[in-house]
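We count ligands from 1, going down the list as the structure has it; atoms in each ligand are counted the same way. Owing to the predicted nature of the structure, the values given are computational and were not obtained by experimental measurement.
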Amino acid sequence: MELTRELVRRAPKVLLHDHLDGGLRPGTVLDLAARAGHALPAGTEAELAAWFHEAADSGSLERYLETFQHTVGVMQSAEAITRVARECVEDLAADGVVYAEVRYAPEQHVEQGLSLDDVIAAVAEGFAQGMDAARTPAGERIVVRQLLTAMRHQARSMEIAELAVAWRDRGVAGFDIAGAEAGYPPTRHLDAFEYLQRENAHFTIHAGEAFGLPSIWQALQWCGADRLGHGVRIVDDIEVADDGTVTLGRLAAYVRDKRIPLELCPASNVQTGAATSIAEHPIGLLTRLRFRVTVNTDNRLMSRTSMTDEMWSLVEAFGYGLDDLRWFTVNAMKSAFLPFDERIALIDGVVKPGYAAL
Ligand SMILES: O=c1[nH]cnc2c1ncn2[C@@H]1O[C@H](CO)[C@@H](O)[C@H]1O
Ligand SMILES: [Zn+2]
């Protein structure tokens, strides 16, 4: 059967790395900004969508991140946050996503008086509404969990880690740190990671995106990360000789041997300069070498992408077929911060039958 974009959209997909404040609908940004009196750089949906994409398409992570002032800026009330969270679930469900972990930094949403708990509760409410709305009579559904992010240049990681533990039975599956990588090594937040480990909690760390191997090494061997956010620079520890012989350095071998999940985000990497193009993206090599590769969107608004777009761009660049897409999807489901029995239930009850039915 010929693989089409529509078939990829219908295929069950699993998303582990998606930022809530990087996935707003352009129309929602306009609407919320008008209500909050927030000044935007463009006045129509099409112009605003283009602005986010172009401004983020800078070749630098720092400049990419500057665009978030206009999404975070309009997400300062419980009502706005709940709406964004609900629409996020609706958009992912329409895109064929069956399980997603969506992250954001609660500390960025307290400018107008919300407490950190208020912010998390507002997201939980929006996700619950979205999951309810996506339930069809045919039994189709989407499961969405929160990841709480702490900003790596700030000093609130311990507080956020404590909230991730406090909320773990109420829709929060884990913890993350994000923000500019250079100059802010993950070891700055060692107390938070050690606390999470003592609490048997799960966390991922943005590492090896804008900065190389030392950041990946710290995230794994000092901080104990369960997964790597991006982790794409692990290719710097892999040598491919002219005759095709591959040699893994010790860190790359460790990552592959231990099946450390890589949350790869191809479109985002091309925008921040972490990769030169989709066709040259290290995902091709890492997949060939059978690392625990997962495919993700990172920021659907800034990268003008979706899970279908990401998968489809890989089909076009690397000639992947449904078997490969299923492999990425099962990899992601295995790597989710959901209890083991729930992961198995989704793999056997949703992902595999979904692919078989295509
Ligand atoms: O690719 C990325 N690398 C590092 N940080 C990021 C990336 N995308 C988004 N954020 C940061 O994470 C915060 C919480 O969601 C966003 O506000 C943004 O500053
Ligand atoms: Zn990210």
Salt bridge (Lys or Arg N to Asp or Glu O under 4.0 Å) between Asp323 and Arg326: does it pass, once the steps are laid out? CA-CA 5 Å; Asp323 283 356; Arg326 192 178 84 146; 5.4 Å; no
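The atoms of ligand 1 that sit less than 4.0 Å from any heavy atom of Asp298 are 1 (O), 2 (C), 8 (N). Remark: ligand 1 atoms within the under-4.0 Å shell around heavy atoms of Leu65 are 5 (N), 6 (C), 7 (C), 9 (C), 10 (N), 11 (C), 18 (C), 19 (O). Counting atoms of ligand 1 from 1 in the listed order, those under 4.0 Å from a heavy atom of Gln108 are 13 (C), 14 (C), 16 (C), 17 (O). Ligand-side atoms of ligand 1 in range of Asn299: 8 (N), 9 (C), range being under 4.0 angstrom from any heavy atom. For ligand 1 and Ala105, the ligand atoms under 4.0 Å from any heavy atom of the residue are 14 (C).
In this structure, NE2 of His206 and OD1 of Asp298 enclose an angle of 170° at the Zn ion (ligand 2), rounded to 10°.
Inspection of the Ser335 and Arg292 side chains reveals an N or O donor paired with an N or O acceptor under 3.5 Å. Counting only N and O atoms by type, the side chains of Ser115 and Asp118 include a donor and acceptor under 3.5 Å apart. A donor atom on one side chain and an acceptor atom on the other are not found under 3.5 Å apart for Glu263 and Thr294.
With hydrogens left out, the protein atom closest to atom 5 (N) of ligand 1 is Gly179 N, 2.9 Å, a heavy atom. Protein heavy atom at the shortest distance from atom 19 (O) of ligand 1 is Met151 CE, 3.5 Å. Protein heavy atom in closest approach to atom 3 (N) of ligand 1: Glu209 OE1, 2.8 Å.
Salt-bridge formation is detected for the pair Arg83/Asp31: a Lys NZ or Arg NE/NH1/NH2 atom is positioned less than 4.0 Å from an Asp or Glu carboxylate oxygen. A salt bridge is defined here as a Lys NZ or Arg NE, NH1 or NH2 lying under 4.0 Å from an Asp or Glu carboxylate O, and Glu101 with Arg227 meets this definition. A salt bridge between Arg25 and Asp91 is present, with a side-chain N of the basic residue lying under 4.0 Å from a carboxylate O of the acidic one.
Classified by interplanar angle (parallel below 30°, tilted 30° to 60°, perpendicular above 60°), the ring pair His206/His19 is tilted.
Considering backbone and side-chain atoms alike, Thr149 places every N or O at 3.5 Å or more from each N or O of ligand 1. For ligand 1, none of its N or O atoms has an N or O atom of Tyr64 under 3.5 Å away. Taking any N or O of Asp21, backbone or side chain, at least one lies under 3.5 Å from an N or O belonging to ligand 1.
Of the heavy atoms in Leu20, none comes closer than 4.0 Å to ligand 1.
Outside the 6.0 Å centre-distance limit, the rings of Phe203 and Phe337 are not counted as a close aromatic pair.
Distances from ligand 1 to the non-hydrogen atoms of Glu181 include no value under 4.0 Å.
Residue His19: an N/O/S atom is found under 2.8 Å from the Zn ion (ligand 2).
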